Number of protein chains: 2
Amino acid sequence: MYGLPNHEGPALKRSNLGHYKVRSVTPRVIDSDPNLPKAPSRIQQRNRSRILEAALEVFSSHGYRGSTLDQIATEAGLSKPNILYYFAGKEDIHVTLLSQLMSTWLDPLKEMDPNGEPIEELLAYVHRKLDMAIELPRESRLFANEILQGAPRMGPHLVADLKPLFDDRTAVILRWMDTGKIARSDPAHLLFSIWATTQHYADFAAQTEVLLPDTERRHSGARDFLTQLFTKLLAP
Amino acid sequence: MYGLPNHEGPALKRSNLGHYKVRSVTPRVIDSDPNLPKAPSRIQQRNRSRILEAALEVFSSHGYRGSTLDQIATEAGLSKPNILYYFAGKEDIHVTLLSQLMSTWLDPLKEMDPNGEPIEELLAYVHRKLDMAIELPRESRLFANEILQGAPRMGPHLVADLKPLFDDRTAVILRWMDTGKIARSDPAHLLFSIWATTQHYADFAAQTEVLLPDTERRHSGARDFLTQLFTKLLAP
DNA sequence: TCGTGTCTTTACCAAATGGTAAAAAAGTGA
DNA sequence: TCACTTTTTTACCATTTGGTAAAGACACGA
């Protein structure tokens, strides 16, 4: 009688392909494979990135379901049908955003050098993560929203991309501990605590801004505190 | 042309009072003030708490906008009009939930004893918060969702309830530091880091469960790690 | 300047969703 | 059992919203 809601809004009536990614081809002499889609025109690049920028703004502050195509369209300065010319649908925009941001988000973790000085590497990682949380809070919130809802659109990405990197990095950290250059602790929880403490400043900004109105103390204070916290933890 | 969305769905046509809270009174001999609303009947108590339990389940996993009255109704085993007999609307349910949970959520902070042993008190607080995150993840996620969206319905609560408590507790911690019983650090950021690290296990469970599938290591491992982390930070 | 393909707008639609009116059903005290 | 109140159901409604069709505007090479 009262079924679960269709979380994607009105049902799409036909598979909505052929909009941008798959299209008929006008062969170019330069192009090696005439069966590949054309390179995006300047206008396409501009509008697609406009839409993604607008979507980041909207999705990150209202969540997926809390955002509407109209909002994104207004923010992007385009009409709703027009953004649907560039993307197959709301979900397509969201997924595109998430996958694009995934690499940005994981970069600092990749940059940790297994041959570097352990304490330096880890503290640098903390600082980079904190800088990102402060400078790119929308990106942080976008991910937080997605994970909070149980990662419905990013679950596979987590398993395929994040998990292997995570396993690799925890192994590196474990080896560092074996050398005695940093104190022993659970590397997995160490990474969790770094993520939690840094992203907290982006994800819970509405709270921290109320509790600690002084922006300067919030930002550089966070840096000092986290340095102290992790320096003490890692000291051999 | 393309306006912002009305985030509350269809506009309500009239002020929707008189549903439960305000109703005509049949005077009782026992009641001292016959102009006060009647005490809720057994059936009302049962159904209201059923609805709140269902709403906690639904709101915490889909967010406010991602949840529908039908979902809540189904989960509660009632019909949609029936839950609207008990609550004035979707927002009323959400607000009721949030205010009820606020005190549960702040209790551990209140219980910190200014006259206790600083390290013990703070570690006990960390452990209580972690236990709550693990045992009441839905409550944690409900708050996280609300804060992430900028606390649209809880902002005033934060200022009125949390801020004074926060200021008081950071002052207590500062006094503890003055006695030399714990190391100096910024008390505000100390509390932030406790909240961040503990709630992370509830709010980002979708992630931690992928990265650390072993439930035992996730839970007791977190406890050990956080004990270590904060013991080292606080050691004078 | 003409024609072809790209981009944008106008005018829609169907489903989902929050909410309501009103009558039926179930309790309840006397 | 009767009268009265409380609770539940049935049948709706108005907006919102994701999405589409189709025509028009635009760009640009030949």
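Chain letters run A, B, ... following the sequence lines, proteins first and then strands; every chain starts at 1. What you see is a predicted model, and the numbers here were worked out from it, not measured in a lab.
- As rounded to whole Å, 12 Å separates atom P of dT20(D) from atom CD1 of Ile83(A).
- The existence of a salt bridge linking Glu135(B) and Arg128(B) is excluded, since no basic side-chain nitrogen approaches an acidic carboxylate oxygen closer than 4.0 Å.
- In terms of phosphate contacts, Asn47(A) brings a side-chain nitrogen or oxygen within less than 4.0 Å of OP1 or OP2 of dT8(C).
- Taking atom NZ of residue Lys80(B) and atom P of nucleotide dT7(D), one finds them 21 Å apart after rounding to whole Å.
- For Ser79(B) and dT8(D), the shortest distance from a side-chain N or O to OP1 or OP2 is not below 4.0 Å.
- Close placement of the Phe166(B) and Phe192(B) rings is indicated, their centers lying within 6.0 Å of each other.
- Residue Tyr85(A) has a polar side-chain atom (N or O) positioned under 4.0 Å from OP1 or OP2 of dC7(C).
- A salt bridge links Lys163(A) to Asp167(A): at least one charged side-chain nitrogen sits closer than 4.0 Å to a carboxylate oxygen.
- Taking the side chain of Pro81(B) as heavy atoms from C-beta on, and the options dG19(D), dT10(D), dT20(D), the nearest nucleotide is dT10(D).
- Applying the 4.0 Å criterion to OP1 and OP2 of dT6(C), one finds that Arg46(A) has every side-chain N and O outside that range.
- Set against dT17(D), dG19(C), dT20(D), the side chain of Thr68(A) has dT17(D) as its closest nucleotide.
- For the atom pair Arg223(B) CZ and Ile134(B) CD1, the distance stands at 9.0 Å (nearest 0.5 Å).
- Nearest nucleotide to the Lys90(A) side chain, out of dT10(D), dT9(C), dG19(D): dG19(D).
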